[in-house]
Amino acid sequence: MTISPERDLDLLRRTIELARLSRERGDHPFGALLADRDGTILLEAMNTCGTKGDRTGHAERNLMTEASMKYDADFLSRCTMYTSAEPCVMCTGSVYWAGVGRIVHGMSEKDLKDLIGPDPENLTMDLPCAQVVAAGQRKIEVVGPLLSEESSVVHEGFWVSS
């Protein structure tokens, strides 16, 4: 079975909710989840930069660390990572190394950079994740940006520069 476009949007909306919860607890507003090929949620993660003081504690990297310890690469190749915003280079690399076969993301990294500006808490790059995975030897499907407006709302008023 493959995940329907409607289920993709439902799961993406869940990551936006996770981003809101992350913000409420004092972390950067990002959320991510891992779903199997049927669209069943396996794992969820939020940003932990604020609560743990780890500047690498992005939701996607946190998720991939947990996923790579729990599942083998063959299983993960049939899974999808959903994320409230396009994953940065570090997070895209973690998806690549974990072996996840598909990424579905909300607002683009470029739109996030435009929204945030030069905030020292998140010096966002303008490097699409599709470009990062294209440099690798593992095939990863990238879908997005989707729900850009919805995924940007959780960032409003959060960043010093926005």
Side-chain angles (χ1 to χ4, degrees), residues 3-35 39 41 43-67 79-98 100-136 140-162:
I3 301 172
S4 72
E6 295 81 19
R7 183 67 176 149
D8 276 344
L9 295 179
D10 289 343
L11 292 169
L12 194 52
R13 283 188 175 100
R14 174 63 186 155
T15 69
I16 296 167
E17 174 63 13
L18 290 169
R20 185 187 64 72
L21 294 170
S22 182
R23 178 180 177 163
E24 285 180 1
R25 73 176 191 188
D27 286 303
H28 294 174
F30 297 97
L33 67 82
L34 182 71
I41 297 172
L43 301 169
E44 294 182 331
M46 292 183 278
N47 187 288
T48 55
C49 292
T51 52
K52 291 192 176 178
D54 176 6
R55 289 182 304 279
T56 67
H58 296 191
E60 302 92 340
R61 194 207 48 82
N62 291 340
L63 182 71
M64 290 301 100
T65 296
E66 187 177 353
C79 292
T80 301
M81 181 188 73
Y82 293 83
T83 180
S84 58
E86 185 171 12
C88 72
V89 174
M90 174 184 68
C91 292
T92 302
S94 71
V95 173
Y96 178 82
W97 290 111
V100 172
R102 186 169 178 255
I103 297 169
V104 176
H105 68 82
M107 69 185 305
S108 72
E109 183 84 343
K110 179 179 182 354
D111 287 347
L112 184 63
K113 181 182 175 192
D114 291 345
L115 176 72
I116 292 173
D119 191 298
E121 285 286 315
N122 193 11
L123 293 171
T124 304
M125 298 179 179
D126 182 2
L127 183 57
C129 68
Q131 189 175 339
V132 175
V133 299
I140 300 173
E141 178 186 2
V142 176
V143 178
L146 300 173
L147 304 177
S148 293
E149 285 288 320
E150 287 181 47
S151 61
S152 70
V153 171
V154 72
H155 294 275
E156 291 175 1
F158 181 83
W159 305 101
V160 173
S161 302
S162 63

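Val154 and Arg23 make their closest contact through O-NH1, 2.6 Å (heavy atoms, listed as atom of the first residue, atom of the second, distance). Residues Met81 and Thr83 share a closest heavy-atom pair of CE-CG2, 4.0 Å. Considering all non-hydrogen atoms of both residues, Glu60 and Ser94 come closest at O-OG, 4.0 Å. Considering all non-hydrogen atoms of both residues, Gly39 and Ile3 come closest at N-CG1, 3.7 Å. Contact between Val142 and Ala130 at its shortest, heavy atoms only, is CG2-CA, 4.0 Å. Between Leu12 and Gly106, the shortest heavy-atom contact is CD1-N, 3.7 Å.
In this structure, Met125 places its CE atom where only 12 or fewer heavy-atom neighbours from other residues, nucleotides or ligands lie under 6.0 Å away.
Side-chain N or O atoms of Asn47 include none that pairs as donor or acceptor with a backbone N or O of Ala19 at under 3.5 Å. Looking at Arg25, its side chain never comes within 3.5 Å of a backbone N or O of Thr51 through a donor-acceptor pair. For Glu86 (side chain) and Cys129 (main-chain N/O), a donor-acceptor pair under 3.5 Å exists by modelled atom type. Checked by atom type and distance alone, the side chain of Thr15 never pairs as donor or acceptor with a backbone atom of Tyr82 at under 3.5 Å. For Arg61 (side chain) and Met90 (main-chain N/O), no donor-acceptor pair under 3.5 Å exists by modelled atom type. Listed for the Ser84 side chain is a donor-acceptor partner under 3.5 Å among the backbone atoms of Gly31.
Between Leu21 and Met46 there is a side-chain heavy-atom pair separated by less than 4.5 Å. When side chains are defined from C-beta on, Val100 does not count as touching Ile140, because their heavy atoms never get closer than 4.5 Å. When side chains are defined from C-beta on, Phe30 does not count as touching Pro87, because their heavy atoms never get closer than 4.5 Å.
At a cut-off of 3.5 Å, with distance as the only test, no side-chain donor of Asp111 or Ser148 sits close to an acceptor on the other residue.
Salt-bridge annotation for Arg14 and Asp10: absent, with no side-chain N of the basic residue lying under 4.0 Å from a carboxylate O of the acidic one.
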